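Working notes for the structure below.
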Amino acid sequence: MTLRVLVVGGYGNFGSIICRYLIHRRGLHLVVSGRDPARLEAKVQALRAEGGQPCEGWCGDAMGEEWAPALKRLQIDWVIHTGGPFQGQSHAVARGCIEAGVNYCDLADCRQFVAGIAALDAQARAAGVVVLSGCSSVPTLSTAIIDEHRQRFSRIERIEHGISSSAKMPGLSTILGVLAYAGRPILQLKDGRPHPVIGWQGLTLRKLPRLGTRLVANVDVPDLDLFAARYGAHTLSFKAGAGLKVAGLANALLAQAVKLGLVRDPAPWATRLHRCGTWFEWLGDGLSAMYVDVHGLGQDGQPLSMRAQLTAANDHGPEIPSCAAVAVILKVLDGQPLLPGARACAGEVSLEQYLQAIDDPANLQMQVEFSR
């Protein structure tokens, strides 16, 4: 039986990567969705030229009234929603999928969006469909890395993790999303209590193997809600930054301007920073990484720390958040069932399944070290 998968925003930055992976998967019929007919047609023709699996397009608004009827008419089995930014976005796409009896996953890394998906749980269960939010580096990959080595710990007390991207700029929607909370409070966790920090401030120099010293700052992610309950951690923090330190400084300055009330809406400035960032891409080294530091007690009751890092070379960093959804689809194609209901995509795919979905050992390196 052929699995019919529709990718919302399939000609965008992450959508294009996902389509490139899925077009060659046997047993899959790909449907590319978007609102620009010219871009959509160009993407469908390009995918067909690759000579993979069947591919077609659907031009329309995934948040409009025609969405659920189109899913039924096209006989879609799974939807992958890549149409960010997810900050401030409703769950209309997921609701339409539930109405049509279609399984759904998205690439959201917005804390409120991912947490809010649970409100659809009863509806998803009643419809017998899977609704997964946060099929991205956070929380899917970060959870997979910790779960892989969870048995080494009798207790986890502190988790500090983050992402340092390469200098290559992501899509504009990604920049708009991550700078939406610049200069605004973010709740982390410190010693079991909510700990407010300011988005894109708290600059820290982080030394990363192969990458050298990178500048990272406070970022809001779903993990800051999920990890306390999932692992019992009392202290949680997440930081992120770009490959060039000047980009981190620019983000911090924007955050300070928002904090002081000098800038009300960071969106126009995010657009300018995105444009400027493309001018300096050539200065980067092409390396990006996710790091995860876990501190607690080992099974012997003695202090134990884990330092894990997944490094991507040659500007292959965007493959990492994109392929969480690919891993979910491959799991389905492999006949491994997923439970109905709406939830964050934490623990749905293993680290092995995630890395197999990317299938790029020449440009990916996973390092894990333990220390007392």
Side-chain angles (χ1 to χ4, degrees), residues 12-25 50 82 107 109 135-146 148-149 160-172 174-175 178 204-217 219 221 238-248 251 274 277-294 306-327 330 349-370:
N13 186 44
F14 292 130
S16 293
I17 295 172
I18 290 171
C19 289
R20 174 163 49 83
Y21 273 85
L22 295 182
I23 194 63
H24 296 289
R25 300 294 179 177
E50 292 195 24
T82 74
L107 271 64
D109 58 3
C135 294
S136 187
S137 301
V138 287
T140 307
L141 176 58
S142 52
T143 301
I145 291 173
I146 298 173
E148 181 78 6
H149 306 284
E160 301 169 354
H161 63 309
I163 294 172
S164 180
S165 66
S166 70
K168 184 176 178 60
M169 295 298 290
L172 177 58
T174 300
I175 300 299
V178 299
T204 303
L205 284 172
R206 169 84 187 196
K207 189 173 183 180
L208 298 167
R210 291 185 65 188
L211 279 72
T213 303
R214 293 285 183 91
L215 199 59
V216 292
V219 171
V221 291
F238 185 91
K239 290 179 178 285
L244 299 178
K245 293 182 177 65
V246 65
N251 292 343
H274 180 267
T278 60
W279 300 342
F280 297 98
E281 288 180 339
W282 63 277
L283 293 172
D285 56 14
L287 296 172
S288 57
M290 165 176 270
Y291 65 88
V292 181
D293 293 350
V294 179
M306 179 187 81
R307 180 169 180 163
Q309 180 175 313
L310 179 62
T311 305
N314 297 316
D315 286 320
H316 281 231
E319 316 287 314
I320 297 175
S322 305
C323 284
V326 176
L330 294 185
V349 296
S350 68
L351 180 60
E352 181 182 9
Q353 289 170 329
Y354 204 117
L355 296 179
Q356 283 179 348
I358 303 175
D359 192 24
D360 191 13
N363 290 296
L364 288 182
Q365 180 185 25
M366 186 75 211
Q367 297 172 279
V368 183
E369 297 178 354
F370 291 90

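Starting from 1, each residue takes its place in the sequence as its number. Bear in mind that the values here come from a model prediction, so they are computed numbers and not experimental data.
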Separation between CG (L215) and CG (L205), nearest 0.5 Å, reads 5.5 Å
Return the CG to OG1 distance between L351 and T140, rounded to the nearest 0.5 Å. 12.0 Å
I need the minimum non-hydrogen distance between T143 and P139, along with the two atoms involved. OG1-O, 2.6 Å
Would you say the side chain of L330 lies within less than 4.5 Å of the side chain of Q353, judging by non-hydrogen atoms? no
So do L283 and V246 actually touch side chain to side chain, heavy atoms under 4.5 Å? no
Any heavy-atom pair between the side chains of Q309 and L211 that's under 4.5 Å? yes
Minimum side-chain heavy-atom gap M290-I145 below 4.5 Å: yes
Between G286 and S166 the two heavy atoms that sit nearest each other are C-CB, 3.8 Å
Residue set satisfying salt bridge (charged side-chain N to carboxylate O under 4.0 Å, His left out) with D285, at least two apart, ordered chain then number -> R214
Is any side-chain heavy atom of Y291 closer than 4.5 Å to one of K239? yes
In this structure, OH of Y21 is separated from OG of S322 (nearest 0.5 Å) by 8.0 Å
Which pair of heavy atoms, one from I358 and one from C323, lies closest together, and at what distance? CG1-CB, 3.5 Å
Give the minimum heavy-atom separation between A242 and S165, together with the two atoms involved. CA-OG, 3.4 Å
Polar side-chain atom of K245 near backbone of T213 as donor-acceptor pair, under 3.5 Å: yes
Value rounded to 0.5 Å, distance of CD1 in I320 from OG in S137: 6.0 Å
CG on N314 to CG on L287, rounded to 0.5 Å: 8.0 Å
For a quick test of reading the model, state the closest non-hydrogen atom pair linking G317 to S288 and the distance between them. CA-OG, 3.2 Å
CZ on F14 to SG on C19, rounded to 0.5 Å: 13.5 Å
Would you call E369 and P209 a side-chain contact if the rule is heavy atoms closer than 4.5 Å? no
For V368 and A308, the nearest pair of non-hydrogen atoms, with its separation, is CG2-CB, 4.1 Å
Would you say S350 and E352 are linked by a side-chain donor-acceptor pair, where the criterion is simply a distance under 3.5 Å? no
Contacts of type salt bridge (charged side-chain N to carboxylate O under 4.0 Å, His left out), residue D293, not counting sequence neighbours: R206
Are R210 and Q365 linked by a side-chain donor-acceptor pair shorter than 3.5 Å? yes
Quick one: does V326's side chain get under 4.5 Å of I17's, heavy atoms only? no
